[in-house]
Amino acid sequence: MRFSGFSTFRAFLSLCCFIPFLSVGQEKPNVLMIYVDDLGYGDVGAYGATKIHTPHIDNLAAEGIRFTNGHAVAATCTPSRYALMTGQYPFRKSGTGVLPGDAALIIDTAQFTLPDLFQDQGYATAIIGKWHLGLGDQVEKNWNAAITPGPNEVGYGRSYIFPATADRVPTVFMDNHWVVGLDQDDPITVSYVEKVGNDPTGAENPELLKMKATPDHGHNQTIVNGIGRIGWMTGGTRARWVDEEVTLTFVDKAKAFIREQQGNPFFLSYHATEPHVPRMPSTMFKGKSGLGYRGDAILQLDHTVGELVKELKHQGVYDNTIIIFTSDNGPVLDDGYEDDAVTELNGHDPFGGLRGGKYSAFEAGTRVPFIISWPKGIEKGKVSDALVSQVDFLASFAHYFQVALPATQNMDSQNIWDAFAGKKRVGRGELVKSSGTFSLTSGPFKYIKPNKGQAVAKLTNIELGNSPKDQLYNLADDRGETRNLAEDQVQKTEEMKNRLEEILKN
Ligand code: NG6
Ligand code: CA
């Protein structure tokens with residue numbers, strides 16, 4: 001426990017000042033956070049997809065609430081995950097952009113986090129899947145020894161992760177502090193500065209690739225499992241994963257964790273890698289969707305959801321488990337490999353009619369599938385258009401447990417428990433989101449701060465929302481952000497611009 005003084009204060013508050021929310025004898029609900037990678041608003045049936053079938057994800061929506069205005073706070077992975085963990089907007093801390101695979105941990109171990117909250121409530125906590133928030137206290141680290149601090153030092157009692165993204169070295173799993181399958185006679189070295197060892201690289205040995213990298217994207221360094229990665233590694237031959245088995249491994253670990261709890265409440269963060277690149281699903285899903293490997297990866301993700309739900313049911317804990325399903329940022333088709341995501345799209349719209357995509361300040365960058373189910377506590381089949389975001393889980397669960405948060409640390413997380421639980425259709429009043437620039441959403445209006453960056457990303461062909469001019473959209477009647485109202489509504493634009501600057505400064 002890293003906040004003993006604070007916890008005493010918290011205990012005092014809960015004893016003296018609050019009527020406990022949980023009545024005596026009521027079992028604490030488990031929480032399963034299914035946090036996925038690069039899934040678009042339009043990628044699942046519950047959000048309108050017809051070319052791809054996602055019955056298990058759709059079933060979560062049918063059993064709970066589907067949010068139509070739910071957001072990651074950034075259009076890429078690391079900053080969104082930073083906010084999910086800390087309840088803080090990522091711009092409050094430098095170095096929260098997309099991290100290389102050898103980055104140091106970016107969450108201060110003194111920071112109060114979402115898993116800390118559950119741990120303090122007596123929950124068993126675990127993260128299984130993608131991490132991408134850095135490991136150790138410096139870039140230079142020995143991958144052949146225990147690496148700390150990491151997820152276990154910021155609230156997770158158990159972790160089984162991969163360090164960064166599936167396209168970055170080291171392509172290994174970490175079981176708590178250790179790389180899985182270490183062999184001291186074949187030590188692992190990792191670098192993002194220069195080539196290490198003699199392993200073939202995508203740039204030098206393209207004939208060894210089973211899936212080519214799109215030119216200029218940078219996935220042409222060390223080849224692992226026939227796929228060129230970002231970064232160089234050598235050694236750890238037996239520790240390297242096979243992409244087709246990554247999800248099988250995570251699902252197995254997640255099921256085991258659920259099984260082991262035996263009635264103890266748990267908070268499990270299952271951080272899926274789908275449909276992030278490289279899309280290399282298990283054999284049973286290859287070719288199944290008819291939409292190329294991106295579609296197949298989504299089918300694999302849906303299958304995972306089904307497997308996790310099945311395990312919860314098998315253990316008799318499904319009814320009292322809150323399942324949250326959401327994505328760290330929006331969709332991208334060509335993110336660096338020739339996987340036919342563009343050519344085999346077959347009329348599927350991952351963007352769900354929204355503008356932009358991953359990396360973008362437009363809505364498709366951050367408005368993502370956002371579903372919460374809890375058979376015992378939430379009415380079935382609801383749809384809510386309340387403005388909700390992932391940064392709010394911390395304050396909302398703190399409210400649920402009737403504990404106060406350290407005001408200075410979690411200043412951006414808001415208690416919107418009633419929106420999450422489907423009791424009110426009102427969520428946040430305003431929300432700041434980060435991409436290459438910043439936007440402020442307030443009521444129906446969205447303002448995007450001028451930025452000199454590219455309007456369209458050359459590599460991914462995504463409109464980034466960058467413009468040298470102010471942009472103001474009314475999402476209530478223009479969710480596709482097609483009409484810039486900044487010149488017509490000068491006063492509103494000025495008001496939102498000033499408010500955004502005020503938040504960014506604090
Ligand atoms: C980008 C990578 C992309 C992906 C992304 C991170 C290039 C050109 N592109 O820099 O392939 O790895 O970073 O994705 O290197 S995220 O979902 O983890 O933020
Ligand atoms: Ca992502």
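In what follows, every heavy atom counts, from backbone to side chain, and hydrogens, waters and symmetry copies are set aside. Whatever order the structure lists them in is the order used to number ligands and atoms, beginning at 1. Being a predicted model, the structure only gives us computed values, none of them experimental.
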Cut-off 3.5 Å, side chains only: do [X] and [Y] have a donor facing an acceptor?
X: Glu204; Y: Thr201; value: yes
X: Asp385; Y: Thr68; value: no
X: Asp392; Y: Ser389; value: yes
X: Thr482; Y: Asp478; value: yes
X: Ser282; Y: Gln300; value: yes

Which ligand 1 atoms does [X] reach within 4.0 Å, using its non-hydrogen atoms?
X: Asp167; answer: 3 (C), 4 (C), 11 (O), 12 (O)
X: His219; answer: 11 (O)
X: Asn329; answer: 17 (O)
X: His132; answer: 18 (O)
X: Ile230; answer: 15 (O)
X: Val98; answer: 6 (C), 13 (O), 19 (O)
X: Asp37; answer: 17 (O)

Should [X] and [Y] count as an ion pair when the cut-off is N to O under 4.0 Å?
X: Glu244; Y: Lys286; value: yes
X: Glu307; Y: Lys255; value: yes
X: Arg229; Y: Asp243; value: yes

Can you tell me which portion of [X] lies within the under-4.0 Å heavy-atom range of ligand 1? Options are side chain, backbone, both, or neither.
X: Lys130; answer: side chain
X: Thr78; answer: neither
X: Asp335; answer: both
X: Asp38; answer: side chain

Problem set entry | Protein contact of atom 15 (O) of ligand 1 - nearest heavy atom, named by residue and atom, plus distance |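 Nearest protein contact, heavy atoms only, for atom 15 (O) of ligand 1 is His217 O, 3.1 Å.
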
For this session: Would you mind checking which non-hydrogen protein atom is closest to atom 10 (O) of ligand 1, with the distance to 0.1 Å?
Result: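 Ranking protein heavy atoms by distance from atom 10 (O) of ligand 1, first comes Arg168 NH2, 3.8 Å.
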
Problem set entry | Trace of the side chain to side chain contact (heavy atoms under 4.5 Å, CB included) decision for Gln88 with Val391 | CA-CA 7 Å; Gln88 277 188 348; Val391 79; 5.8 Å; no

Any N or O on [X] sitting closer than 3.5 Å to an N or O of ligand 1?
X: Lys358; value: yes
X: Cys77; value: yes
X: Thr165; value: no
X: Thr76; value: no

Seminar exercise, completed: ring-ring contact (aromatic ring centres under 6.0 Å, His included) with Phe173: of Phe250, Trp143, Phe162, Trp178, only one passes, and it is Phe250

Exercise. In Å, rounded to the nearest 0.5 Å, how long is the span from OG of Ser434 to CZ of Arg92?
Worked result: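 It comes to 10.0 Å.
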
Exercise. So, do Tyr192 and Trp232 have ring centers that fall under 6.0 Å from each other?
Worked result: no

Problem set entry | the Ca ion (ligand 2) to nearest N/O/S of Thr76 below 3.0 Å |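 No, since none of the N, O or S atoms of Thr76 sits under 3.0 Å from the Ca ion (ligand 2).
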
Problem set entry | Heavy atom of Tyr359, distance to ligand 1 below 4.0 Å | yes

Name of whichever N/O/S atom of [X] is nearest to the Ca ion (ligand 2):
X: Asp37; answer: OD1
X: Asp328; answer: OD2
X: Asp38; answer: OD1

Problem set entry | Over-ring placement of Arg279 relative to Tyr293, 6.0 Å and 45° cut-offs |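 No.
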
